[in-house]
Amino acid sequence: MSYKQTKKGLKMSEVRVRIAPSPSGNLHVGTARTALFNYLFAKKAGGKFVLRVEDTDLERSNEAYIKNIFDSLKAMGLNWDEGPDIGGPFGPYTQSEKFETYKKYAQKLIDEGYAYECYCTQEELEEEKQTAINEKKAYIYSGKCRELTESQKTKYKREGRKPVIRFKMPSKIMKFKDLIKGELEFNTALMGDFVIMKSNGTPTYNFAVVIDDMQMQMSHIIRGEDHISNTPKQIAIYEALGAKIPEFAHVGMILAPDRTKLSKRHGATAVSDFIEQGYLPEAFVNFVALLGWTPSDGVEIKSLEEIIKDFSIEAISPSNSIFEFDKLNWMNGQYIRSLPNEELTKRALKYIEKYDLTEYTKEKIEEIIAAVKEPITVLSEITDAVEYFFGEDVECNVEALDILNASEAKTILSKALNLANQFDYNNHEQIIEKLGEFRKSFEGIKPKTVMWTLRSALTGRLKGADLSSIISILGKEKVLHRIKKALGE
RNA sequence: GCCCCCAUCGUCUAGAGGCCUAGGACACCACCCUUUCACGGUGGUGACGGGGAUUCGAAUUCCCCUGGGGGUACCA
């Protein structure tokens, strides 16, 4: 046994899985979930989670997307053990860096009679397809280039035709056991000889995946069910190569509420979009895990670590699931509320930077965030929730204006002016107490009205944080100023 | 058209022949708590797509239909 083999030799039992995004867009929710399941499966088994970039379609791939994909995965906490950036024993992990390898294997398949050059033009192929449609039959490539003679090939070459390489699909009933879907069966005669190398010398997806998964010694392929129909093709290539066939597991798709594919028109589809809007990555991961997987103990809010412990691939549902925001929002709120104020403030900072933060100390800013966090479901809502704390004056909405224009408002506010001088602004308890006395101190005016009036004067709205907290944070100067302003002074 | 996958409350799902008068979570409704909005608590509305078959017994097994999804590329 050579050194190289020893180094690369693996224990039969080692679990190796991968996520193989193609950088033709930002990390999609569906891909993110597939990545999550792969990650969970690997970590649960003490195996390896590898990242591979599938950029064989150079036209559609771009650097910015690669960065977005890496960043999103990291934000979700799905750190890979091997990948383009950190390397590993089976690199390169970027397909565009392996074009020679694919060529080599394609040639091997030709030499051994499993593949052949095909010189058919697009027009010829189109014609075959049209005929099939007219005859209401399924289109299958005729295979007419299978037995091309050398002289025919040279003739085509001289015409300037660049061949593709097609795989000779054997005709048989192919069965395999899917870890999620169960026993699956296909008639490969219906598939025809498919292209493995394009005329520009780059591999097609179905070929590149097999070569990579084989070389990277993947033990399990966990992916979306949109790949089910590719599986027989891939297995056929494994067989032709004499390679070990990995186990397959196909997860249902994530659909939009209208039951169509989740796309831009449904709003956010990229993980980064969600994070941008103020969904906490850990909440997002938790939610996405619940799309198709159920915790064994019924406890739905779980950290990544806890999910790993409880994860099993058998528990994944075989059906599609619809991405609804309700539960995500609820869950995000749960996570926001459970975050320590300091941490929450740090994360909320980018949503409040439009205000003059120098009006307050760092501690006060934390108090503000703590005061408004309760009803928040998405971080971006903080921008509005916090508005009335900043600036001297406050802008009143219609409801607040109505309250302030009511006949009893003047009475209440005049007295409130007095009250404002009695507050000990650093003593929250004292404020609560004084406020309690104050709201009951009016003959014929409901406590509720008293509070609403004061709230309207101070915040310009009827809804918001706890009034005593607001008063404490605002401080004497602003409180007095705003009450006076409301009185028209 | 052809091939494949899927099918329990609005949504995510529990359920692997009797434990199911189908359980939980979100959403929704009501009540309680409360200075507002909320948070929290309690309770409620709400589903096995249809038809056959197997069985003493079916949400659970089988078949058909229907519905939804995916694939059918020199995209991945």
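Values reported hereafter were calculated over all heavy atoms of this structure, with side chains retained and with hydrogens, waters and symmetry mates removed. Letters go in sequence order (proteins before strands), and every chain restarts at 1.
With B/A76, B/C74, B/U36 as the choices, the nucleotide that has an atom nearest any side-chain atom of A/Glu54 turns out to be B/A76. Nearest nucleotide to the side chain of A/Lys261, out of B/C3, B/C5, B/G71: B/G71. Closest contact between the side chain of A/Ala138 and the listed nucleotides B/G1, B/C75, B/C12 involves B/G1. Counting only heavy atoms from C-beta on, A/Lys198 has its side chain closest to B/C75 among B/C75, B/C12, B/U35. For A/Arg439, the listed nucleotide lying nearest its side chain is B/U35; candidates were B/U35, B/C4, B/G70. When each of B/C74, B/C12, B/U36 is scored by its nearest atom to the side-chain atoms of A/Trp452, the top-ranked nucleotide is B/U36. Among the nucleotides B/A76, B/C12, B/G71, the one closest to any side-chain atom of A/Ser22 is B/A76. Taking the side chain of A/Leu467 as heavy atoms from C-beta on, and the options B/C37, B/A25, B/U35, the nearest nucleotide is B/U35. For A/Arg259, the side-chain atoms get nearest to B/U11 when compared with the rest of B/C5, B/U11, B/C74. In this structure, the nucleotide among B/C12, B/U36, B/A76 sitting nearest to the side chain of A/Lys327 is B/C12.
One finds no side-chain N or O of A/Gln95 lying less than 4.0 angstrom from the OP1 or OP2 phosphate oxygen of B/C75. Side-chain nitrogen and oxygen atoms of A/Ser229 include none within less than 4.0 Å of the OP1 or OP2 phosphate oxygen of B/G70.
Using a 4.0 Å heavy-atom criterion, one finds that A/Thr56 contacts the sugar-phosphate atoms exclusively. Contacts of A/Val195 with the nucleic acid, taken as non-hydrogen atoms under 4.0 Å apart, involve only primed sugar atoms and P, OP1 or OP2. In this structure, A/Arg337 reaches the sugar-phosphate backbone alone: every heavy-atom distance under 4.0 Å involves primed, P, OP1 or OP2 atoms, never a base. Using a 4.0 Å heavy-atom cutoff across all strands shown, A/Gly224 reaches no nucleic acid atom at all. Using a 4.0 Å heavy-atom cutoff across all strands shown, A/Phe194 reaches no nucleic acid atom at all. Counting any heavy atom pair closer than 4.0 Å across all strands shown, A/Glu374 reaches a base atom. Here A/Ser321 lies in heavy-atom contact (under 4.0 Å) with sugar-phosphate atoms only. At a threshold of 4.0 angstrom between heavy atoms, the contacts of A/Arg455 include nucleobase atoms, whether or not backbone atoms are also involved. Among the heavy atoms of the strands lying under 4.0 Å from A/His227 is at least one base atom, whether or not backbone atoms are also near. As judged by a 4.0 angstrom heavy-atom cut-off over every strand, A/Ala465 is placed among the base-contacting residues. Heavy atoms of A/Asn230 sit under 4.0 angstrom from at least one base atom. Using a 4.0 Å heavy-atom criterion, one finds that A/Gly252 contacts no nucleic acid atom at all. A/Asp466 comes within 4.0 angstrom of a base, heavy atoms only. Residue A/Pro447 is classed as having no contact, given no heavy-atom separation below 4.0 Å to the nucleic acid.
Here B/A38 presents its C1' atom at 14 Å from CG of A/Leu462, a figure rounded to the nearest Å. Nucleotide B/C6 holds its P atom 12 Å from the CD atom of A/Glu183, rounded to whole Å. Computed from coordinates, the A/Ile180 CD1 to B/A7 P distance equals 13 Å when rounded to whole Å. The separation between A/Glu225 atom CD and B/A76 atom P is 21 Å, rounded to whole Å. The distance between atom NZ of A/Lys233 and atom P of B/A76, rounded to the nearest whole Å, is 12 Å. Rounded to whole Å, atom C1' of B/G10 lies 9 Å from atom CD1 of A/Ile322. The CG atom of A/Asp178 sits 13 Å away from the C1' atom of B/C6 (whole-angstrom rounding). Nucleotide B/C3 holds its C1' atom 13 Å from the CZ atom of A/Phe176, rounded to whole Å.
For B/A59, there is no paired nucleotide, since no Watson-Crick or G-U wobble pair has both relevant distances below 3.5 Å.
With A/Phe284 as reference, A/Phe274 is the one residue of A/Tyr279, A/Phe325, A/Phe274 to meet the ring-ring contact (aromatic ring centres under 6.0 Å, His included) rule.
Atom name C1', nucleotides B/U34 and B/U45: the rounded distance is 26 Å, in whole Å. The gap from the C1' atom of B/A25 to that of B/G68 amounts to 24 Å, rounded to the nearest Å. The P atoms of B/C2 and B/C64 are separated by 15 Å, rounded to the nearest whole Å. Here, B/A38 and B/C31 have their P atoms 14 Å apart, quoted to the whole Å. Taking atom C1' on both nucleotides, B/A58 is separated from B/G51 by 15 Å, rounded to a whole Å. The C1' atoms of B/U11 and B/A27 are separated by 8 Å, rounded to the nearest whole Å. Comparing the same atom, P, in B/U54 and in B/C48 gives a spacing of 24 Å after rounding to whole Å. Atom name P, nucleotides B/U8 and B/U13: the rounded distance is 9 Å, in whole Å.
Nearer to the 5' terminus of RNA chain B, by closest-nucleotide assignment, is the contact made by A/Pro318 (compared with the other of A/Pro318 and A/Phe323). Toward the 5' end of RNA chain B, the nearer of the two residues A/Gly464 and A/Leu190, judged by each one's closest nucleotide, is A/Leu190.
Note: A/Asn320 CG to A/Lys261 NZ = 12.0 Å, rounded to the nearest 0.5 Å.
Cation-pi geometry between A/Lys327 and A/Phe287 is not met: the NZ or CZ atom fails to fall both under 6.0 Å from the ring centre and inside 45° of the normal. For the pair A/Arg166 and A/Phe194, the NZ or CZ position fails the cation-pi test of under 6.0 Å to the six-membered ring centre and within 45 degrees of the ring normal.
A/Phe248 and A/Tyr238 have perpendicular rings, their planes meeting at more than 60° on a 0 to 90° scale where under 30° would count as parallel. Ring-plane geometry between A/Trp293 and A/Phe311 is classed as tilted, the angle between the planes lying from 30 to 60 degrees on a 0 to 90 degree scale.
Residues A/Met331 and A/Ile301 meet the side-chain proximity criterion, which asks for heavy atoms closer than 4.5 Å.
Residues A/Tyr116 and A/Tyr114 place their aromatic rings such that the two centres sit no closer than 6.0 Å. Ring-centre distance between A/Trp330 and A/Tyr335: not below the 6.0 Å cut-off.
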